[in-house]
Amino acid sequence: MQDSESSKEVEMQDQQYADDEDEKEDFKEDKKENFEEDEKEESPPSGKNNYTFSEKKKKSDKEYKQINVDSGAAPGLSNHYPTITKALEAATPYTVIKITSGNYRENVKLKIPYITLEPKEKCGEVTIVSGGDPCLFIDLPKQDDYVVLDSIKIKYNTASTKEDTKNPTNTDESIDPAMLSQFVETFEVQDRMKCIVNIKKGNLYLGNCKVDFEGSMDHHDDIFPCIVGQKNSSLIAESCTIKGDSLHEANTIGVLMEQPSMTTLKHCLIEHHLDGGIILNLNSESLVDITENEMRVCKKVGIFIQGEDSLPSIEGNFIKLCLSPAIVIGTGVSAMISKNNLYSDKMGVVILNSKSTVYDNKIKKSHEDGIQVRCLGQEHVCCPTIKDNEICESNGNGILIEGDNANPKILNNIVDNNKKCGVILKDCAQIDTFKKNSIRKNYTQGVLIVEGCSAIIEDNTISMNLKANIAYGGQGSQNTKIINNVVSGSVAEGIFVVEGHENTVIVDNKVEKNKDGIVLYNSKGSCKDNTIRENQRSGILVGGQTSADISNNILAANICFQILIKDPRQQKKKKDKKKLKELYECNNLEEAPS
């Protein structure tokens, strides 16, 4: 019954997603200006590789020997064996083992290279069931050796679990992404680890296989990975299902690899894992390609990758309904995260202390923030490139940037209809490159630069946000520059500055159809050469002890005031009148003050 309700919920979410996709043209009308060559950012090299299951099956020109497995085979029948283990004892390199349909309750150990296991019948169903030791254990003579499994189901039976094989115990279903590294360190990947597949040495090619815990994980607190890879091992999986237990709240992980030589996952379904879909602890030599998979209903994390100087590729995946961040990239990783569709996850992408590239992804309906860029500690830097993404309808911010030494490049994104800010900077973050973005219809500020942070905001369209389109000021704002943007349609301020630093600049912007065009309160700096039109109350509102250089602006058709000085201290009225006259003389207005 629980599985039926879960399936119905997934179907309803799928239909909602299809309906929402019909609206995506609304987000694209401001999208895709071509960059000049000198503005284009180079993407980092990735660890993407071209090894696939199907290519491996075609590659070898060796002549394969064939033997058969049939639990009902007559004793002594040539090349027929009652179990997979007996067949392997008779196998030599370059052997195809054809297995008759049925359930085989055994622990299979593959120690001979170039073995292929596959059903004997064209549409046969072969299931390997075991517990305690891994169902499938791969330990080949050489690192480059490989074995192939084609169309085999591998299932774990926890009733057979032995007490001397201890896995880490689950603590929290949901943790801060910054704590994932510590969570991974609790795993000691070893031969007797409780899991379905354990790759100790060599390459495992899986094609059209199903690896799952379905229905077998009641009353277990230990964390059970489906597939584990030990140091320098390789996994290449194509068109596989890697499933936890949808009938129980099961502490499972889809794929856990410890410093692998290679990890390739293509066209796989990875679902129902309480402790993570894919967790990779890499080294600088690891090749990683995670392409066009579907992942859903994972909790602690969808994909987590860590490892200094690693270059993984995460491309074209559909990750949905995860009560966790869909993708988390750890310290020192230079990942290429591109063309993914992240729908209704807790968060879309979290970048921690990394120079990764997040390119051309669709991130929609995140429960919290769409993208987080977080620098953890002053000894680190976090300067990813966030480019050409659509980030919309999050319950939190579209993009959050936080931490000293956080300095991403934000280029040509659509950030739309998020329930907090479109983009927010906090905790001393800064942005030197923030260009050609469309940021609109967010429920608070379009861009909020919290005190202590700064940004250079240039050539963007920032419009129709429910609070200020752009807001900044205070200590640490001295590097903030607002240049050549279209700032329009807010029911509050177009640009709102409080205690702006003397070095801040607002120049060459079109500020139109807001409640107030530009508001400067207790601010220094300069506000020059802007075109400020058709704002509902004032073109420029000056408050408090503002001494900014406000000159050479064009003010036209602002409905109540072209320039308004608003100071609650009544004794300043005469001085305000004089100041107002000076401001009119320094700017180009449709009409002079009376």
Side-chain angles (χ1 to χ4, degrees), residues 425 430-431 434 445-458 460 462 467-488 490 492-512 514-556 558 560-569 571-590 592-593:
L425 286 75
Q430 63 181 29
I431 301 177
F434 189 107
Q445 292 85 0
V447 179
L448 175 60
I449 305 170
V450 175
E451 184 172 11
C453 303
S454 63
I456 300 173
I457 300 175
E458 186 174 2
N460 303 278
I462 305 173
K467 291 190 177 179
N469 280 317
I470 301 172
Y472 74 94
Q475 186 176 359
S477 67
Q478 63 268 23
N479 295 322
T480 297
K481 294 177 174 59
I482 314 297
I483 304 169
N484 198 36
N485 302 280
V486 175
V487 183
S488 66
S490 172
E493 303 86 4
I495 300 172
F496 182 63
V497 187
V498 178
E499 298 180 0
H501 190 274
E502 62 185 7
N503 293 333
T504 63
V505 173
I506 303 172
V507 63
D508 288 329
N509 301 281
K510 292 181 180 178
V511 184
E512 303 172 340
N514 307 281
K515 180 179 180 182
D516 293 298
I518 298 175
V519 175
L520 303 171
Y521 190 82
N522 288 340
S523 291
K524 301 176 182 178
S526 62
C527 176
K528 295 181 177 182
D529 301 315
N530 302 285
T531 299
I532 306 167
R533 300 175 56 87
E534 300 180 45
N535 297 284
Q536 293 297 311
R537 182 168 65 174
S538 63
I540 297 175
L541 190 156
V542 178
Q545 297 180 350
T546 293
S547 59
D549 178 3
I550 303 171
S551 60
N552 206 34
N553 299 287
I554 297 173
L555 293 103
N558 297 291
C560 293
F561 305 95
Q562 305 286 35
I563 300 173
L564 172 64
I565 295 180
K566 191 174 183 182
D567 192 330
R569 295 169 296 180
Q571 69 272 23
K572 295 289 185 181
K573 277 187 175 179
K574 288 184 179 180
K575 193 175 286 187
D576 287 350
K577 192 169 183 179
K578 180 180 178 183
K579 186 175 181 180
L580 182 62
K581 187 172 182 180
E582 290 173 355
L583 289 174
Y584 270 78
E585 290 171 353
C586 292
N587 295 278
N588 185 359
L589 287 84
E590 278 195 339

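One is the number of the first residue; the rest follow in order along the sequence.
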Participant: Just by modelled atom types, is the Lys524 backbone N or O under 3.5 Å from a matching donor or acceptor in the Glu502 side chain?
Facilitator: no
Participant: Restricting to salt bridge (Lys or Arg N to Asp or Glu O under 4.0 Å), what partner residues turn up for Lys528, sequence neighbours left out?
Facilitator: Asp549
Participant: If the condition is side-chain contact (heavy atoms from CB on, under 4.5 Å), which residues does Lys515 pass it with, not counting sequence neighbours?
Facilitator: Arg537
Participant: Sequence neighbours excluded, which residues qualify as side chain to side chain donor-acceptor pair (under 3.5 Å) partners of Asn484?
Facilitator: Asp459
Participant: Measuring from Ile457:CD1 to Thr480:OG1, what's the distance to the nearest 0.5 Å?
Facilitator: 7.0 Å
Participant: Within the distance-only criterion (no hydrogens, no angle test), does the side chain of Asn460 pair as donor or acceptor with the backbone N or O of Phe434 below 3.5 angstrom?
Facilitator: yes
Participant: Roughly how far apart are Leu520 CG and Ile506 CD1, rounded to 0.5 Å?
Facilitator: 5.5 Å
Participant: Rounded to the nearest 0.5 Å, how far apart are CG of Leu555 and CD1 of Ile532?
Facilitator: 4.5 Å
Participant: What I'd like to find out is whether the side chain of Ile518 reaches to under 4.5 Å of the side chain of Cys527, using heavy atoms alone.
Facilitator: yes
Participant: Would you call Ile554 and Asn530 a side-chain contact if the rule is heavy atoms closer than 4.5 Å?
Facilitator: no
Participant: For the residue pair Thr531 and Val511, establish whether any side-chain heavy-atom pair is separated by less than 4.5 Å.
Facilitator: no
Participant: With heavy-atom distances below 4.5 Å as the criterion, would you say the side chains of Asn503 and Asn479 are in contact?
Facilitator: no
Participant: Under a 3.5 Å threshold, yes or no: a donor from one side chain and an acceptor from the other, between Ser490 and Asn469?
Facilitator: no
Participant: Rounded to the nearest 0.5 Å, what separates atom CG in Asn514 from atom CG in Asp516?
Facilitator: 8.5 Å
Participant: Can any side-chain N or O of Asn535 pair as donor or acceptor with the backbone N or O of Asn558 at less than 3.5 Å?
Facilitator: no
Participant: Do Val498 and Asn522 come within less than 4.5 Å of each other through their side chains, counting heavy atoms only?
Facilitator: no
Participant: Measuring from atom OG of Ser454 to atom OH of Tyr472, what distance do you get when rounded to the nearest 0.5 angstrom?
Facilitator: 10.5 Å
Participant: What residues form a side-chain contact (heavy atoms from CB on, under 4.5 Å) with Ser488, not counting sequence neighbours?
Facilitator: Ser463, Val486, Glu512
Participant: Heavy atoms only: give me the nearest Gln475-Glu451 pair and the separation to one decimal.
Facilitator: N-OE2, 3.1 Å
Participant: Would you call Tyr521 and Lys566 a side-chain contact if the rule is heavy atoms closer than 4.5 Å?
Facilitator: no
Participant: Could you report the tightest heavy-atom contact between Gln562 and Leu589, atom names first, then the distance?
Facilitator: CB-CD2, 3.4 Å
Participant: Testing Val519, Val487, Leu541 for side-chain contact (heavy atoms from CB on, under 4.5 Å) with Glu493, which one passes?
Facilitator: Val519
Participant: Any side-chain heavy atom of Ile482 within less than 4.5 Å of one from Ile495?
Facilitator: yes
Participant: Is Ile540 close to Leu564 at the side-chain level, that is, under 4.5 Å between some pair of heavy atoms?
Facilitator: no
Participant: Check side chain to side chain donor-acceptor pair (under 3.5 Å) between Ser523 and all other residues, then give those that pass, not counting sequence neighbours.
Facilitator: none
Participant: Just grab all the salt bridge (Lys or Arg N to Asp or Glu O under 4.0 Å) pairs involving residues 472-488, residues at least two apart or on different chains.
Facilitator: none
Participant: Check step by step if side chain to side chain contact (heavy atoms under 4.5 Å, CB included) holds for Ile462 and Val447.
Facilitator: CA-CA 8 Å; Ile462 305 173; Val447 179; 4.0 Å; yes
Participant: CG/Asn509 to CD1/Ile483 distance, rounded to the nearest 0.5 angstrom?
Facilitator: 8.0 Å
Participant: Please identify which of these residues, Asn588, Asn552, Asn553, Asn587, meets the side chain to side chain donor-acceptor pair (under 3.5 Å) condition with Asp529.
Facilitator: Asn552
